[in-house]
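All remarks here apply to the structure that follows.
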Number of protein chains: 2
Amino acid sequence: MIAENYKNYSLVDDCPVRNVLDRVGDKWSILIISILGECGTLRFNELNNLIGNISQKMLTVTLKTLEADGLVDRKMYPQIPPKVEYSLTPLGESLLPFIESLTHWAKENMPAILVSRAKYKSNN
Amino acid sequence: MIAENYKNYSLVDDCPVRNVLDRVGDKWSILIISILGECGTLRFNELNNLIGNISQKMLTVTLKTLEADGLVDRKMYPQIPPKVEYSLTPLGESLLPFIESLTHWAKENMPAILVSRAKYKSNN
DNA sequence: CGGTATCCGCACGGATACTG
DNA sequence: CAGTATCCGTGCGGATACCG
C-alpha cells in the first residue's frame, strides 16, 4: 500500500515521504549531494565554482537545510579569512544509491519521454 | 561522475535528471503514480476522492503532464456522461520500484532527520 | 462526469549590496 | 572567504465559477 504513505497526512511535516521529496525536489539539493558524494569534502567557494550557475544565497540556504536535516556536515575553522568545509554525513551518503539509480533511469528513459511529449504536443 | 549528469546543462529541458526531478518533485505526481500503481485503473473522480485534498485543477494538470511524458495512459469513453480512465504505462510502472525504495528510505530515516532538525534548531 | 477559465496569494529563487 | 540582508519577478498551486 504505497499510497498509504502519502494519504492522511494533511501537513508536509507529518509525511515522511513528502518531507524527503521536498528536499530531493528542490533546485539544488541533489546536485550538491552528488558533488559532495564524488569529491568528499569541499569548501564553500569550491562548491560555488563547481556548480557555476547557483546564486550565493541558494548555496547557503540549501547547505543549511541539508545540514539541519543531518545530510551534510559543516566544519568551521575559526581563522581569518574563514575556512568552512562541507561533506556528506553517513545519512547523506545513504542517499547516493537512490540518486544514482534515479539518474540512470532518467538518462535511460529521457528519449522515450521526449518522443512522448512531441507526440502529445502534435495531437493538441 | 554523478555531478556530470547535472552540470553543463543550462536549461532544464537539456538535463534528463532535472527533467525527471521536476516531475518527481512536484506536489502530486508521485502520489498519483503510487495510487495508480496500486489500483491499476481509476476514473478521474475516483482519483480525486482517493487523494482527497487535491484541487481539481492540479489533478487535471498533473495527469496531463504525466500523460504527455508517457507515464500515464488516458482512455476516454465518448458517452454522456463522459467516462475517463487512467492507468500507468509500462514506462510509468518502471518508476514504481524507485518510489517504493525512496518511500522506504524516507520512513526509515525520518526519525533521524527529525532529531537532527531539533538539534540544529536548538543550537541557533 | 470530467473537465476549463480566471483570479490570486505566497514561496522559491535570482540579483545586488554589504560584512566580520 | 564565507557568508547576510534586502528587494523583487516568476510560477506553482488553491479557490471559485462555469461548460459540453
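Numbered from 1 within each chain, the chains take letters A, B, ... in sequence-line order. All values below come from the heavy atoms of this structure, side chains included, with hydrogens, waters and symmetry mates left out.
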Does the side chain of Y86(B) get closer than 4.0 angstrom to OP1 or OP2 of dC1(C) through an N or O atom? no

Select one nucleotide: of dG3(D), dC1(C), dC1(D), the one nearest the side-chain heavy atoms of R43(A). dC1(D)

Which angle, to the nearest 10 degrees, lies between the helix axes at the two ends of the helix from dC1(C)-dG20(D) to dG20(C)-dC1(D), each defined by five pairs? 50°

Just how far is it from atom CG of L36(B) to atom CD of E46(B), taken to the nearest 0.5 Å? 10.5 Å

Spacing of L42(A) atom CG relative to dC1(D) atom C1', expressed in whole Å: 15 Å

Between atom CD1 in I32(A) and atom C1' in dG13(C), what is the gap in whole Å? 13 Å

How long is the straight-line distance from CG of L71(A) back to CG of L63(A), given to the nearest 0.5 Å? 11.5 Å

Atom CG of D26(B) and atom P of dG11(D) are separated, to the nearest Å, by 16 Å

Quick check: do T41(B) and D73(B) have side-chain heavy atoms less than 4.5 Å from each other? no

NA contact type, Y77(B), heavy-atom cut-off 4.0 Å: base, sugar-phosphate, or nothing? nothing

As an exercise, state the distance from CG of L91(A) to CG of D69(A), rounded to the nearest 0.5 Å. 8.5 Å

In whole angstroms, the gap separating P of dG2(C) from CZ of F44(B) amounts to 8 Å

Going by heavy atoms in the side chains, are T103(B) and V20(A) under 4.5 Å from each other? no

Here the side chain to side chain donor-acceptor pair (under 3.5 Å) pairs for residues 54-65 of chain B, sequence neighbours left out, are none

Evaluate whether atom NZ of K83(B) has more than 12 neighbouring non-hydrogen atoms of other residues, nucleotides or ligands under 6.0 angstrom away. yes

From dT4(D), dC1(C), dC1(D), pick the nucleotide closest to the side chain of K64(A)? dT4(D)

Integer-rounded Å distance: dA2(D) C1' and E67(A) CD: 13 Å

From CG of N49(A) over to P of dG3(D), roughly how many Å is that when rounded to an integer? 14 Å

With the criterion being N/O to N/O and under 3.5 Å, what pairs connect the protein with nucleotides 14-17 of chain D, and how long is each?
unit_1  : atom_1 : unit_2 : atom_2 : d
dG14(D) : OP1    : K27(B) : NZ     : 2.8
dG14(D) : OP2    : S55(B) : OG     : 3.2
dG14(D) : O6     : K57(B) : NZ     : 2.4

Given atom CG of N48(A) and atom C1' of dC1(D), what is their separation to the nearest angstrom? 11 Å

With the side chain of T60(B) defined as its heavy atoms from C-beta on, choose the nearest nucleotide among dG3(C), dG20(D), dA2(D). dG3(C)

Would you call the rings of Y86(B) and F44(B) parallel, tilted or perpendicular, where under 30° means parallel and over 60° means perpendicular? tilted

What is the distance, rounded to the nearest whole Å, between atom CG of L63(B) and atom P of dC1(C)? 17 Å

Does atom NZ (K119(A)) have a neighbourhood of more than 12 heavy atoms from anything else shown, all under 6.0 Å? no

